[in-house]
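Worth saying up front: this structure is predicted, and the values here are computed from it rather than measured. Just so it is clear, the values below take in all heavy atoms, side chains as well, and ignore hydrogens, waters and symmetry mates.
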Amino acid sequence: MGGGGQQTEQGETGVYTWEEVQKHRSKNDRWLVIDRKVYNITQWAKRHPGGSHVIGHYGGEDATEAFAAFHPDQKLVQKFLRPLLVGELAATEPSQDGKKNAAIMQDFDDLRVQAEKEGLFRAEPLFFCLHLGHILLLEALAWLMVSNWGTSWTVTLLCAVMLATSQSQAGWLQHDFGHLSVFKKSKWNHLVHKFVIGHLKGASAGWWNHLHFNHHAKPNILSKDPDVNMSGIFVLGAVQPVEYGIKKIKHMPYNHQHQYFFLVGPPLLIPIVFNIQVLHVMISRRNWVDLAWYLSFYLRYFSCYVPLYGLLGSLGLIFFVRFLESHWFVWVTQMNHLPMNIDYERHQEWLTMQLQATCNIEQSFFNDWFSGHLNFQIEHHLFPRMPRHNYHLVAPRVRALCEKHGVPYQMKTLWRGMVDVVRSLKTSGDLWLDAYLHK
């Protein structure tokens, strides 16, 4: 029987075509497909733990691959899905929507299943204990150094570098727990995530989840990935600059964005932009738990450093630490994404979508540590729940799969990755100027 776009009575299910499913992609009427089952997520989206946007991005689409990528305990999640079931795809309909390549999807699913069988989704506790240990050691040494050697400019600079290093490494560690890639039980990942991002870093787990899972669900997709929403300060990729140019939009001199990037990007993202966002999200959503963790960081920090530097000196020190950390964070995160394809939704397979939006940086002990293993950005995006110490094990198979299907797999040196950030900004700025003047 055909659903005709209408929800069936409770307890009954319908049979639908993709054309019918795709009619339900608005905020107030949203369906999606997982393993050929059709679900009405209109109301559930508001209660979705990952946020309404990340699940809403798949309205009217097949979400099977994203569902497998994000959820470690799929049997548990099925309990929540069962009441939302409205039917299934007609037998004559393909399992995937649009022009997605069924062969690529099947091969990638086989790779994911094989990786799970081989234990590549199981974390090594010692790795994460050692990583946490070196963060705490840096924090302790920075304070002991100033306590014993005084607050001269040289000692203060060395203290700031050590604190910025610990903060950056804590950023990579909270990323692990946020992706549920350490403990088997999600609730333990969530709890330690709040401790690391809240008490060790002074940020919000809820804020991070909202932004980061949207990024992973639709990387480099304009209007869906918050990481490419630059609020008119930058124009990115090859499509957005031309659109802005044709519409004569000139919020900034975009043809110079590769130059002013050094003034407003790396220096200000964490100390200004992220701090404002974190406070706004916690207060506006009344997330008092995250706020308590956030305040615990500053209570600990000021208790340690106000007796040594005074209030103003402590404020100056933490701002400088954030300033240094921000440079580290921006270059590592942007070199994997900013030079890649940035466009509107194309409804591609998970493999193709992620490979077009990400690239890798060569492996070395330093690169692994410096980037928190995000030099394996491709593998991380394909398998966001995989513990990062296993990326290098699955990478050769990912490359082979990409070669088989003709999907480009980009690998760069660390230096080239950073240079390409600036180069891509200049290219986009030139596209804007040409469209602004001549179209």
Review point. In Å, rounded to the nearest 0.5 Å, how long is the span from NZ of Lys23 to CG of Asp29?
Key: 11.0 Å
Check your understanding: What do you reckon, are the aromatic ring centroids of His199 and Phe297 less than 6.0 Å apart?
Key -> no
**Study point:** Heavy-atom donor-acceptor pair, Asn209 side chain to Ala205 backbone, under 3.5 Å
**Key:** yes
Exercise for review: Mind telling me whether Phe329 and Phe274 have parallel, tilted or perpendicular rings, with 30° and 60° as the class edges?
Suggested key: perpendicular
Review point. Pro266: what forms a side-chain contact (heavy atoms from CB on, under 4.5 Å) with it, not counting sequence neighbours?
Key: Phe261, His327, Val330, Trp331
Point to revise | Residue pair Asn375 / Asn360, side-chain donor-acceptor N/O under 3.5 Å | key: no
Point to revise | Closest non-hydrogen atom pair, Phe213 against Gly178 | key: CZ-O, 3.3 Å
Review point. Can we say Glu88 and Lys37 salt-bridge, meaning some charged N sits less than 4.0 Å from an Asp/Glu carboxylate O?
Key: yes
Revision key, fill the gap. For residues 124-134, the salt bridge (Lys or Arg N to Asp or Glu O under 4.0 Å) pairs (sequence neighbours left out) are none
Study note, to complete from the structure: Between the CD1 atom in Ile246 and the CH2 atom in Trp432, the distance rounded to the nearest 0.5 Å is 13.0 Å
Review point. Please, which pairs that meet side-chain hydrogen bond (donor to acceptor under 3.5 Å, both in side chains) have at least one residue in residues 244-256, sequence neighbours excluded?
Key: His256-Gln259
**Study point:** Phe376 ring center near His380 ring center (under 6.0 Å)
**Key:** no
Exercise for review: Please answer whether the main-chain N or O of Arg423 pairs with a side-chain N or O of Asp420 as donor and acceptor at a distance below 3.5 Å.
Suggested key: no
Review point. Which pairs count as side-chain hydrogen bond (donor to acceptor under 3.5 Å, both in side chains) when at least one residue sits in residues 266-285, sequence neighbours excluded?
Key: Trp207-Gln277
Review point. Is the centre of the Phe177 ring less than 6.0 Å from the centre of the Trp188 ring?
Key: no
**Study point:** Sidechain-backbone polar pair: His337 side chain, Ala357 backbone, donor-acceptor under 3.5 Å
**Key:** yes
Review point. Looking only at heavy atoms, which two atoms of Ser326 and Gly265 are closest? And how far apart?
Key: OG-O, 4.3 Å
Point to revise | Steps toward side-chain contact (heavy atoms from CB on, under 4.5 Å) verdict (Val192, Val182) | key: CA-CA 10 Å; Val192 181; Val182 181; over 6 Å; no
Review point. Charged N to carboxylate O under 4.0 angstrom, Glu116 versus Arg385?
Key: yes
Check your understanding: Just checking, Lys224 and Tyr344: is the charged tip under 6.0 Å from the six-membered ring centre and within 45° of the axis?
Key -> no
Review point. Measuring from Cys359:SG to Lys412:NZ, what's the distance to the nearest 0.5 Å?
Key: 4.0 Å
Practice item. Verify the ring-centre separation between His193 and His190: is it less than 6.0 angstrom? Key: no
Practice item. Report the distance from atom CD1 of Ile197 to atom CD of Gln174, rounding to the nearest 0.5 Å. Key: 4.0 Å
Exercise for review: Might you confirm whether atom CH2 of Trp369 has over 12 heavy atoms from other residues, nucleotides or ligands at distances under 6.0 Å?
Suggested key: yes
Point to revise | Closest contact, heavy atoms only, Met411 versus Arg399 | key: CE-NH1, 4.3 Å
**Study point:** Trp31 ring center near Tyr39 ring center (under 6.0 Å)
**Key:** no
Exercise for review: Go through the structure and list residues passing side-chain contact (heavy atoms from CB on, under 4.5 Å) with Thr17, not counting sequence neighbours.
Suggested key: Glu19, Glu20, Glu93
Check your understanding: Which heavy atom in Leu236 sits nearest to a heavy atom in Pro241, and how many Å separate them?
Key -> O-CD, 3.3 Å
**Study point:** Atom of Arg416, atom of Thr413 and distance for their closest heavy-atom approach
**Key:** N-OG1, 3.0 Å
Review point. Do you know which of Glu61, Gln22, Gln96 makes side-chain hydrogen bond (donor to acceptor under 3.5 Å, both in side chains) with His347?
Key: Glu61
Check your understanding: Is it true that the side chains of Ser166 and Gln169 contain a donor and an acceptor less than 3.5 Å apart?
Key -> no
Review point. Thinking salt bridges, do Arg300 and Glu139 make one under a 4.0 Å N-O criterion?
Key: yes
Exercise for review: May I ask you to test the Tyr301-Leu317 pair for a side-chain heavy-atom distance under 4.5 Å?
Suggested key: yes
Study note, to complete from the structure: With Phe383 as partner, the option from Ile378, Val398, Leu120 fulfilling side-chain contact (heavy atoms from CB on, under 4.5 Å) is Val398
**Study point:** Pair Asn367-Gln363, side-chain hydrogen bond (donor to acceptor under 3.5 Å, both in side chains): steps then yes or no
**Key:** CA-CA 6 Å; Asn367 286 355; Gln363 183 187 20; over 6 Å; no
Exercise for review: Indicate whether any N or O donor in one side chain lies under 3.5 Å from an N or O acceptor in the other, for Asn28 and Ser26.
Suggested key: no
Check your understanding: With a 4.0 Å cut-off, would you call Glu345 and Lys218 a salt bridge?
Key -> yes
Exercise for review: Would you please indicate yes or no on a ring centroid separation below 6.0 angstrom for His373 and His131?
Suggested key: no
Check your understanding: Any luck finding a side-chain donor-acceptor pair between Arg322 and Gln167 under 3.5 Å?
Key -> yes
Practice item. Fit a plane to each ring of His179 and His175, take the angle between them on a 0 to 90° scale, and name the class: parallel (under 30°), tilted (30 to 60°) or perpendicular (over 60°). Key: perpendicular
**Study point:** Gln354 side chain to Glu379 backbone, donor-acceptor under 3.5 Å
**Key:** no
Point to revise | Partners meeting ring pair (Phe, Tyr, Trp, His ring centres under 6.0 Å) with Phe366 (sequence neighbours left out) | key: Phe370
Point to revise | Flag side-chain contact, heavy atom, 4.5 Å: His210 against His53 | key: yes
Practice item. Measure the shortest side-chain to side-chain distance between Asp62 and Leu32 over non-hydrogen atoms and say whether it is less than 4.5 angstrom. Key: no
Practice item. Grab the two heavy atoms, one from Trp350 and one from Leu382, that are nearest each other, plus how far apart they are. Key: NE1-O, 3.2 Å
Practice item. Verify whether the ring centers belonging to Phe319 and Phe323 lie closer than 6.0 Å. Key: no
Check your understanding: Using a distance-only test with no angle check, is there a side-chain donor-acceptor pair under 3.5 angstrom linking His405 and Asn101?
Key -> no
